[in-house]
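Structure first, then comments.
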Amino acid sequence: MIVLKSQREIEKMKKAGELLAEVHQQLSQLIVPGITTWEIDQFVESFLKKHGATPEQKGYKGYEYATCASINDEICHGFPRKKPLNEGDIVTIDMVVNLDGGLADSAWSYAVGNISDENKKLLEVTEKALYLGIEQAVAGNRVGDIGHAIQSYVEENGFSVVRDFIGHGIGAAMHEKPDIPHYGQAGKGIRLKEGMVFTIEPMVNVGAYQSKMDNNGWTARTVDGSRSAQYEHTIAILKDGPVILTEQKKKG
Ligand code: MF3
Ligand code: CO
């Protein structure tokens, strides 16, 4: 069942989203060679606490951290750990913020110091793919229009789209209907309606799209060891088009 959200519920989620966006803007300054994802996780948890919010992922199905921190060939759900990040790494920090019962979900990939040209292209293509998906998230379109826009752009650029993890509705719960695959055919799937709130969160690999699971039962990584990036926003479908609830303020 897809729960449509009221204007008031969307406003509440937007407040959570604004705080989450602020966290990511802080992280873009904080993430430098030598920092650990453990320290990043601690920073996020205390920042949220200071602002009256909580990390919704902590305790979710036994998950122990405020954030997921996925390094290099890790696709998603990496554990924060005490190993320093190295120059040239890429790291994706994903979190769900709960502010007064309003939820918002956003992941962002960061370069650690200087990264290779191929890695720069991976980050650029993945971020652009997210925004091309968002453009299609308008009432009357179908869910396949989102996946198709993302997949065709990513593949034109020689990368691949992860199939095993998809976007999701979000509201009272972190994961709701509808499912939002980042691949698919234009004109196919459920029709998008005003009041839907969901994530679009493409994970893009340099090599093959397939993933394998670590022994910890959480962390997914690429089968071929190639690198993976991810950008995620929570969006609401309004009459005039999609509104990004987790949008970061432009710098400058
Ligand atoms: N934020 C993730 C998503 O985009 C969910 C992480 S799973 C958790 O769906 F257990 F770590 F919360
Ligand atoms: Co997320």
Side-chain angles (χ1 to χ4, degrees), residues 2-3 13-14 16-25 27 37-38 40-42 44-45 47-48 53-71 74-81 90-99 102-110 123 126-127 129-131 133-134 137 143 146-147 150 161-183 196-205 211 213-221 228-236 244-248:
I2 300 174
V3 184
M13 297 176 83
K14 188 153 187 279
E18 282 165 4
L19 185 63
L20 206 176
E22 219 180 302
V23 175
H24 274 307
Q25 293 193 296
L27 293 185
T37 48
W38 179 268
I40 294 168
D41 192 73
Q42 300 275 296
V44 170
E45 197 168 352
F47 187 93
L48 293 180
T54 53
E56 186 74 5
Q57 290 184 166
K58 197 168 177 170
Y60 176 82
K61 292 186 176 167
Y63 191 76
E64 294 179 19
Y65 311 94
T67 62
C68 296
S70 307
I71 306 167
E74 295 168 354
I75 295 170
C76 63
H77 306 161
F79 291 172
R81 68 210 87 157
I90 58 171
V91 61
T92 301
I93 308 294
D94 184 12
M95 74 194 82
V96 179
V97 168
N98 183 331
L99 182 64
L103 299 187
D105 188 354
S106 177
W108 214 252
S109 288
Y110 297 93
L123 298 189
T126 309
E127 185 179 352
L130 165 62
Y131 283 89
I134 292 171
V143 76
I146 298 174
I150 293 171
V161 172
V162 170
R163 315 283 202 265
D164 292 339
F165 301 90
I166 58 179
H168 51 88
I170 178 168
M174 188 196 304
H175 291 141
E176 296 184 353
K177 289 293 163 193
D179 291 344
I180 310 289
H182 307 107
Y183 54 92
M196 285 183 180
V197 179
F198 53 77
T199 70
I200 303 179
E201 49 177 305
M203 284 145 271
V204 171
N205 299 346
S211 71
M213 184 64 80
D214 278 6
N215 289 333
N216 67 17
W218 279 100
T219 310
R221 64 178 74 234
S228 186
Q230 180 185 22
Y231 292 84
E232 171 184 28
H233 274 313
T234 298
I235 65 137
I244 302 174
L245 303 182
T246 48
E247 186 74 306
Q248 298 168 31

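All values below come from the heavy atoms of this structure, side chains included, with hydrogens, waters and symmetry mates left out. Indexing begins at 1, ligand by ligand and atom by atom, following the structure's order.
Here the side chain of Gln42 pairs no donor or acceptor atom with the backbone of Trp38 at under 3.5 angstrom. In this structure, Thr246 contributes its side chain and Ser106 its backbone to no donor-acceptor pair below 3.5 Å. For His233 (side chain) and Leu130 (main-chain N/O), no donor-acceptor pair under 3.5 Å exists by modelled atom type. Not one N or O on the side chain of Tyr231 forms a donor-acceptor pair closer than 3.5 Å with the backbone of Ala107. Under the 3.5 Å distance criterion, the side-chain polar atoms of Ser211 are left unmatched by any main-chain donor or acceptor of Arg221. Panel note: side chain His168, backbone Lys177; no donor-acceptor pair is recorded below 3.5 Å.
In this structure, atom 3 (C) of ligand 1 lies nearest to the protein heavy atom Asp105 OD2, 3.3 Å. Atom 4 (O) of ligand 1 has its closest protein heavy atom at Glu201 OE1, 2.9 Å. The protein atom (non-hydrogen) at minimum distance from atom 7 (S) of ligand 1 is His77 NE2, 3.7 Å. Protein heavy atom in closest approach to atom 11 (F) of ligand 1: Cys68 SG, 3.4 Å. Among protein heavy atoms, the minimum distance from atom 5 (C) of ligand 1 is reached at Gln57 OE1, 3.6 Å.
At least one heavy atom of Asp94 lies less than 4.0 angstrom from ligand 1. Proximity of Lys61 to ligand 1 is not established, as no heavy-atom distance is less than 4.0 Å. Assignment of Trp218 to the shell around ligand 1 is supported, since a heavy atom sits closer than 4.0 Å. Contact between Met95 and ligand 1 is absent, with no heavy atom of the residue lying under 4.0 Å from the ligand. Assignment of Met174 to the shell around ligand 1 is supported, since a heavy atom sits closer than 4.0 Å.
Contact annotation: for Cys76 versus ligand 1, there are no heavy atoms closer than 4.0 Å.
Which parts of ligand 1 touch Tyr60 is read off a 4.0 Å heavy-atom cut-off, strictly below it: atoms 8 (C), 10 (F), 12 (F). Short contacts between ligand 1 and His168, defined as distances under 4.0 Å to a heavy atom of the residue, involve ligand atoms 3 (C), 4 (O), 9 (O). Of all atoms in ligand 1, numbered sequentially from 1 with element shown, those under 4.0 Å from a heavy atom of Val96 are 1 (N).
For ligand 1, the polar-atom distance check finds no N/O of Tyr63 at less than 3.5 Å from any of the ligand's N/O atoms.
Put simply, OG1 on Thr67 and CD on Glu45 are 9.0 Å apart, with the number rounded to the nearest 0.5 Å. To the nearest 0.5 angstrom, Leu20 atom CG is 10.5 Å from Leu99 atom CG. Atom CD1 in Ile166 sits 9.5 Å away from atom NE2 in His175 (nearest 0.5 Å). Interatomic distance, CG of Asp41 versus CD of Glu64, reported as 11.0 Å (0.5 Å rounding).
When the options Trp218, Tyr60, Phe79 are evaluated for a ring-ring contact (aromatic ring centres under 6.0 Å, His included) with Tyr65, the one that passes is Phe79.
Listed by chain and number, the protein atoms of type N/O/S under 2.8 Å from the Co ion (ligand 2) are Asp94 OD1, Asp94 OD2, Asp105 OD1, Glu232 OE1; waters are omitted.
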So Arg81 and Glu74, salt bridge (charged side-chain N to carboxylate O under 4.0 Å, His left out) or not? Walk me through it. CA-CA 13 Å; Arg81 68 210 87 157; Glu74 295 168 354; 2.8 Å; yes
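Using a 4.5 Å heavy-atom threshold, the side chains of Leu123 and Gln230 count as separate.
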